[in-house]
Amino acid sequence: MAERQIAFREAIAEAIKEEMTRDEKTFAMGEDMAVIGGAFGATKGLLEEFGEERVMDTPISETAIVGFALGAAIAGMRPIVEIMRCDWMTICMDEIVNQTAKMRYFTGGRPQIAVVIRTATEGGIGLGAQHSQSFEAWFTHVPGLKVVMPSTPYDAKGLLKAAIRDHNPVIFMEPQILYGASGPVPAEDYVVPLGKADVKREGKDITIVAWGGITPRVMNAAQTLADEGIDAEVIDPRTLRPLDIETIVASVKKTSKAVIAHEANKTSGFGAEVAAQIQELAFDYLDAPIQRVGAPDVLVPINRNLERIVLPGPERVIEAVKAIL
Amino acid sequence: MAERQIAFREAIAEAIKEEMTRDEKTFAMGEDMAVIGGAFGATKGLLEEFGEERVMDTPISETAIVGFALGAAIAGMRPIVEIMRCDWMTICMDEIVNQTAKMRYFTGGRPQIAVVIRTATEGGIGLGAQHSQSFEAWFTHVPGLKVVMPSTPYDAKGLLKAAIRDHNPVIFMEPQILYGASGPVPAEDYVVPLGKADVKREGKDITIVAWGGITPRVMNAAQTLADEGIDAEVIDPRTLRPLDIETIVASVKKTSKAVIAHEANKTSGFGAEVAAQIQELAFDYLDAPIQRVGAPDVLVPINRNLERIVLPGPERVIEAVKAIL
Amino acid sequence: MTNYERKGNRMELTKDTLLDMYRRMVRIRIFEEGLMKFDEQGLIPGTGHVSIGEEAVAVGATTAMGNKDYLVSTHRGHGHLLARGAKMPIILAEVLGKATGCTGGKGGSMHLSDFDRYILGTNGIVGGGINIAGGIGLALQMQKTDQACLCFFGDGASNRGVFHEALNLASLWKVPTVYLCCNNQYAMTLPLCKNCANQDISARAVAYDIPGYQVDGTDVIAVYEAVAAALQRAREGKGPSLVEVISYRLRGHSMRMDRMPGGSSYRPEREIEEWEESKNPIKIFQQKLKELGYMTDESATKILSECQKEFREAVEFAQNSPEPKPESIYEWIYA
Amino acid sequence: MTNYERKGNRMELTKDTLLDMYRRMVRIRIFEEGLMKFDEQGLIPGTGHVSIGEEAVAVGATTAMGNKDYLVSTHRGHGHLLARGAKMPIILAEVLGKATGCTGGKGGSMHLSDFDRYILGTNGIVGGGINIAGGIGLALQMQKTDQACLCFFGDGASNRGVFHEALNLASLWKVPTVYLCCNNQYAMTLPLCKNCANQDISARAVAYDIPGYQVDGTDVIAVYEAVAAALQRAREGKGPSLVEVISYRLRGHSMRMDRMPGGSSYRPEREIEEWEESKNPIKIFQQKLKELGYMTDESATKILSECQKEFREAVEFAQNSPEPKPESIYEWIYA
Ligand SMILES: Cc1ncc(C[n+]2csc(CCOP(=O)(O)OP(=O)(O)O)c2C)c(N)n1
Ligand SMILES: Cc1ncc(C[n+]2csc(CCOP(=O)(O)OP(=O)(O)O)c2C)c(N)n1
Ligand SMILES: [Mg+2]
Ligand SMILES: [Mg+2]
């Protein structure tokens with residue numbers, strides 16, 4: 001029997017639909033996500049299914065979206081909210097970092113702060129420097145948050161369901177470049193637990209850790225490398241906080257070499273944290289310096305050629321691998 | 001002749017005063033910084049010196065403080081603004097990251113965006129989880145920004161003067177714990193160039209990289225270690241973006257071991273970036289895994305004992321050093 | 001622009017209620033005067049913001065609340081919590097950083113709460129509660145309860161963008177949240193005239209198409225009535241209101257600032273004296289109760305000494321409470 | 001609440017000026033219709049937001065500006081820039097991502113500027129310019145020039161917190177910035193009634209103690225007059241104003257959304273048709289000019305074909321322009 005194939009955006013919509021059916025304390029709100037189903041079509045059908053009382057378009061008020069979600073969670077609801085793009089998370093960082101992430105602490109551990117903040121992240125579609133950023137590194141710096149970033153429809157659905165069921169605030173980052181990508185997604189209920197990395201490809205020569213939109217490109221790179229006789233193991237942490245460092249370190253102990261690839265700017269990207277942990281925990285196993293692939297420290301241009309130069313592709317990953325093989 | 005000693009807060013006030021005298025395009029604004037000279041007394045005397053037209057108290061409108069500064073810079077001014085605490089930078093991240101840091105790019109390189117954003121950072125005075133954070137790692141992730149964090153009155157004055165003269169947006173982070181600390185500061189005009197690390201103590205056995213409020217504590221730790229026969233080199237990068245990695249790497253090549261210490265939460269702190277770069281550039285010289293010292297991934301409690309447990313002190317640095325010696 | 005309408009069934013304030021209100025005002029005063037003494041001895045970690053002179057706001061407003069209504073406070077919230085019935089020993093323990101405090105001694109004055117009483121609590125971010133209170137209102141609306149939410153904030157907070165975003169959304173969705181602006185005429189050192197372009201904060205209600213009330217904050221009954229009307233409107237599904245209460249803080253911005261040289265130089269001595277003398281809400285209310293024949297000098301003294309006793313007991317509790325355990329730093333970060 | 005007062009010395013609009021205004025409206029229309037064709041062919045990287053139907057706002061407002069007044073635009077800004085005199089070839093080259101564009105082909109439609117003309121430009125963050133424009137005003141005030149700043153923003157942007165913070169501060173400090181809200185009744189898919197609790201956006205002026213005007217955005221002269229009055233007030237040192245212009249966008253939110261299935265399902269066809277037919281500002285203005293005897297069918301056609309020619313030349317320039325060089329990615333990050 002052929003596996004069911006659906007697009008990433010459909011996987012998102014399904015996850016929300018299933019969880020909203022499962023628990024009537026959930027509701028969804030955000031800009032333009034009800035009537036037209038979101039700027040990327042990832043919430044299509046929700047309004048029809050659950051009505052205006054549980055699926056709400058909001059004004060352009062990012063602080064209110066997150067702040068109201070937090071308030072609703074305090075009073076017992078389980079909001080799933082959307083900030084249309086990661087770039088605009090800058091607007092509601094206080095609500096996320098100083099309020100939502102800390103509220104359980106400030107109330108002596110009383111309420112569950114079951115808030116999921118979904119956002120489209122990264123670049124690749126020519127929208128330029130205010131519409132192509134990915135701030136996962138920032139969020140991983142914040143105690144109280146969980147940070148999730150899927151790279152396949154399967155993971156997207158399973159992780160989002162887990163995020164919605166989680167009792168903590170979760171930043172759920174959806175690489176915009178992937179919304180149209182299809183992949184196998186079972187029709188049955190399943191969950192991908194938060195905090196578990198996935199070995200996307202087994203290999204013995206080198207470990208490549210990658211997350212977000214670059215992951216499929218890394219899989220291509222691994223294939224190219226395989227054709228040249230280099231057997232790369234590709235690990236997608238999927239959840240960046242908490243990070244499943246055990247799986248990564250186990251792999252590096254096997255391969256003795258590591259490359260980390262993400263699309264965000266390299267400097268102070270989350271790749272730095274992964275590299276720092278690997279060298280700390282597998283120092284004696286490492287044969288070569290850990291390489292990081294990320295966007296150079298520039299802004300993302302709209303010109304498509306330039307954008308392709310800035311956002312790292314498979315060549316950059318292959319280059320990094322070869323630099324230490 | 002005894003060197004002149006002044007407090008960190010006085011060094012800040014002097015730097016601003018001198019630069020405002022030097023260039024009439026400069027002006028200062030922020031919450032409570034004019035009439036009473038700032039929540040930490042670091043802008044005392046400015047109002048008296050320059051009057052209400054150049055030293056302005058603002059309402060509690062952090063986005064307006066930064067956004068107005070940016071607009072004023074575009075129209076040719078050189079604002080020095082204050083966000084009272086780093087914790088509240090969360091409120092104006094859009095103005096900083098999406099507007100100020102990118103405006104030169106968006107205008108085809110035309111105006112100088114000579115904006116200095118000063119802020120009190122880190123903890124140590126019992127003010128709790130919304131008044132003790134330090135987000136330098138976030139800012140170092142943002143192309144277009146410079147990030148400065150002095151640890152002595154001398155550096156504070158010299159770096160702030162350099163920051164004010166710089167033609168780019170500078171995030172200037174002042175460790176609140178240090179405002180009262182005194183140190184030698186010449187009366188003559190001087191500047192500490194941005195992007196130059198300072199070797200605060202020479203040594204041959206291990207390199208300790210530290211910045212911000214922990215630096216004096218690291219110097220104490222180095223003294224304790226010296227008493228035990230361990231000769232540590234202490235490097236304060238002072239500017240985190242651009243980072244003077246050359247000085248750090250040269251030291252590590254000499255000592256073969258590195259510890260990085262900062263007060264911010266360890267995970268995804270800027271220590272990760274420094275560690276990732278060191279292992280990349282000095283891999284063959286390293287004898288042991290680079291150790292990072294930072295706050296554990298918890299919130300900063302107000303109880304003073306607990307706060308002391310959370311915020312890393314000299315013992316933690318000594319421990320990290322000994323772990324790899 | 002003031003738009004104060006006395007709507008709603010004005011609940012009859014019985015003698016007992018009035019006396020209880022008075023007692024609660026005194027309790028807050030005693031508590032905060034006591035705190036300042038602790039601070040002088042260096043026993044308060046960090047800082048705390050006392051509300052001496054603003055007790056009528058806390059008591060008037062909370063008296064109007066229903067049992068299960070939520071309360072969202074500010075950085076200056078001891079009074080809000082105590083007025084609403086939070087236990088003094090627990091609050092004091094927290095402010096002193098003791099394990100028995102409501103936040104295990106980790107939050108202090110700016111992070112107080114009492115979840116059993118639907119008190120979300122204080123917040124170190126000015127304006128931090130304004131959106132949250134809207135969200136609580138939204139939840140209550142969704143849950144189809146008849147609860148409402150009362151949100152305190154200051155004149156300073158009213159110029160944060162969150163005020164605008166929250167009030168617009170709260171009004172659009174008609175959530176049962178009452179916004180109470182405690183306009184004590186200063187935001188830290190900034191006087192109202194340098195703070196709000198339109199110094200009539202209640203006039204901002206126009207922008208959100210909601211009622212705006214302006215009330216004398218030294219008159220506990222006036223505060224009660226305005227908030228009661230607003231809460232009733234909220235419960236009727238008509239949405240939020242903006243209640244502005246004019247008051248004054250008789251002490252400095254914070255205990256920390258009081259310690260700073262020049263920390264109170266931003267306002268005229270005479271202004272403080274004037275308010276202290278003629279607009280002290282406790283004195284005013286005592287006078288009123290005496291006029292009503294509900295209070296004598298003796299009964300006032302009795303209440304005062306009972307409150308003092310309560311405070312002494314709280315002190316005993318807090319001082320005998322253990323320090324938080326080191327491992328408690330890991331608690332409550334994640335569920 | 002509308003508070004439209006025709007203050008100021010109404011500048012006499014000569015026949016030449018009126019005809020130039022008309023030409024500028026047509027130029028914008030032609031440019032943006034041309035852009036949509038480019039987009040159909042997949043030649044526009046990312047997206048762009050056309051302002052078809054809103055040309056009277058751009059032209060009326062910019063006509064009121066002085067030579068050295070600053071202009072701060074929005075994501076929907078081609079019209080603002082062209083109306084203000086930015087060179088069409090440069091703008092087109094930028095939107096197409098060519099090296100000759102004003103941002104070297106790196107910014108596109110959402111990051112246009114023309115610094116020589118004091119045009120700060122478009123912005124991808126809704127409301128991103130509102131504070132900036134206040135700061136420009138502040139600088140102008142400090143520099144004691146008689147320049148002013150005109151800031152466009154949308155009905156959607158008016159609910160961002162920055163609107164509140166900026167207008168309060170701008171009013172407090174009386175900076176010479178005019179805030180022009182182009183209320184085209186939708187924010188992406190959100191209709192005004194779900195967007196603004198008080199749908200009269202100009203009424204918000206009360207909150208900041210500044211004048212609020214509400215103007216018909218299909219009437220280019222009305223827009224001109226309101227903005228001229230507001231700019232004059234600004235220049236007189238009396239501070240900012242809030243001008244709300246009621247208009248309508250005849251196309252979808254963005255070229256990108258127009259391509260999405262269901263991307264325009266959020267508003268009734270009939271509504272669009274109605275505006276298209278009876279409220280098309282170019283048609284209305286043409287009619288008016290004919291009534292004044294300033295225009296004939298022939299002269300209208302001539303202007304149209306001149307604008308078309310201008311666009312063709314711009315296309316030629318842009319298409320013959322080189323792609324940006326790879327190393328240009330490093331430019332303009334730091335000074
Ligand atoms: C976002 C933010 N900005 C600044 C501060 C520092 N601060 C604490 S209280 C305060 C004044 C608040 O004024 P108001 O809202 O009027 O309350 P009041 O203190 O008068 O009760 C300021 C500026 C803060 N805590 N949060
Ligand atoms: C802060 C922010 N939130 C959301 C968006 C996505 N977005 C772009 S345009 C737009 C609608 C803007 O509406 P309005 O201000 O009325 O301008 P209009 O598009 O109608 O001209 C939205 C939601 C954005 N660019 N920035
Ligand atoms: Mg106040
Ligand atoms: Mg609009």
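- Side-chain polar atoms of B/Arg85 and B/Gln130 form no donor-acceptor pair below 3.5 angstrom.
- Checked for salt-bridge contact, D/Lys325 and D/Glu327 miss the test: no charged N lies under 4.0 Å from a carboxylate O.
- Looking at D/Glu236 and D/Arg233, no side-chain N of the basic residue comes within less than 4.0 Å of a carboxylate O on the acidic one, giving no salt bridge.
- Comparing B/Met56, B/Glu53, B/Glu95 by heavy-atom pairs within less than 4.5 Å of chain D, the highest count is held by B/Met56.
- A distance-only check finds a donor-acceptor pair linking the side chain of D/Thr177 to the backbone of D/Ala133 [under 3.5 Å].
- If you tally non-hydrogen atom pairs under 4.5 Å between each of B/Gly76, B/Pro143, B/Ala69, B/Pro111 and chain D, the highest count goes to B/Pro111.
- Contacts between B/Gln99 and chain D at a heavy-atom distance below 4.5 Å involve the side chain alone, from C-beta outward.
- Ion pairing between a basic and an acidic side chain is recognised when a charged N comes within 4.0 Å of a carboxylate O; B/Lys161 and B/Asp189 show such pairing.
- Aromatic ring pairs are classed by plane angle as parallel below 30°, tilted from 30° to 60° and perpendicular above 60°; the pair D/Trp173 and B/Phe68 is perpendicular.
- The pair B/Lys157-B/Glu18 counts as a salt bridge, with a side-chain nitrogen and a carboxylate oxygen less than 4.0 angstrom apart.
- Interface residue D/Tyr70: only side-chain heavy atoms are found under 4.5 Å from chain B.
- No hydrogens or angles considered: nothing links the side chains of D/Asp209 and D/Ser171 as a donor-acceptor pair under 3.5 Å.
- A ring-centre distance under 6.0 Å is found for D/His78 and D/Phe31.
- When heavy atoms are compared at a cutoff of 4.5 Å, D/Ile119 does not approach chain B at all.
- The greatest number of non-hydrogen atom pairs below 4.5 Å with chain B, out of D/Asn123, D/Ile130, D/Asn168, D/Leu112, is found for D/Asn123.
- Chain B forms more heavy-atom pairs under 4.5 Å with one residue of D/Leu169, D/Leu138, D/Val175 than with any other, namely D/Leu169.
- Remark: D/Asp69 engages D/Arg235 in a salt bridge, criterion side-chain N to carboxylate O under 4.0 Å.
- The candidate from B/Leu70, B/Thr58, B/Leu145, B/Thr100 with the greatest count of non-hydrogen atom pairs under 4.5 Å with chain D is B/Leu145.
- At a threshold of 4.0 Å, the pair B/Arg110-D/Asp116 counts as salt-bridged, since one of the basic side-chain nitrogens sits closer than that to a carboxylate oxygen.
- Contact tally against chain D (heavy-atom pairs below 4.5 Å) for B/Ala72, B/Pro59, B/Cys92: the top residue is B/Ala72.
- With a 4.5 Å cut-off on non-hydrogen atoms, B/Val142 touches chain D through its backbone but not through its side chain.
- Contacts from residues 139-164 of chain D to chain B, taken as heavy-atom pairs separated by less than 4.5 Å, involve D/Ala139, D/Met142, D/Gln143, D/Lys144, D/Arg160, D/Val162 in sequence order.
- When heavy atoms are compared at a cutoff of 4.5 Å, B/Glu24 does not approach chain D at all.
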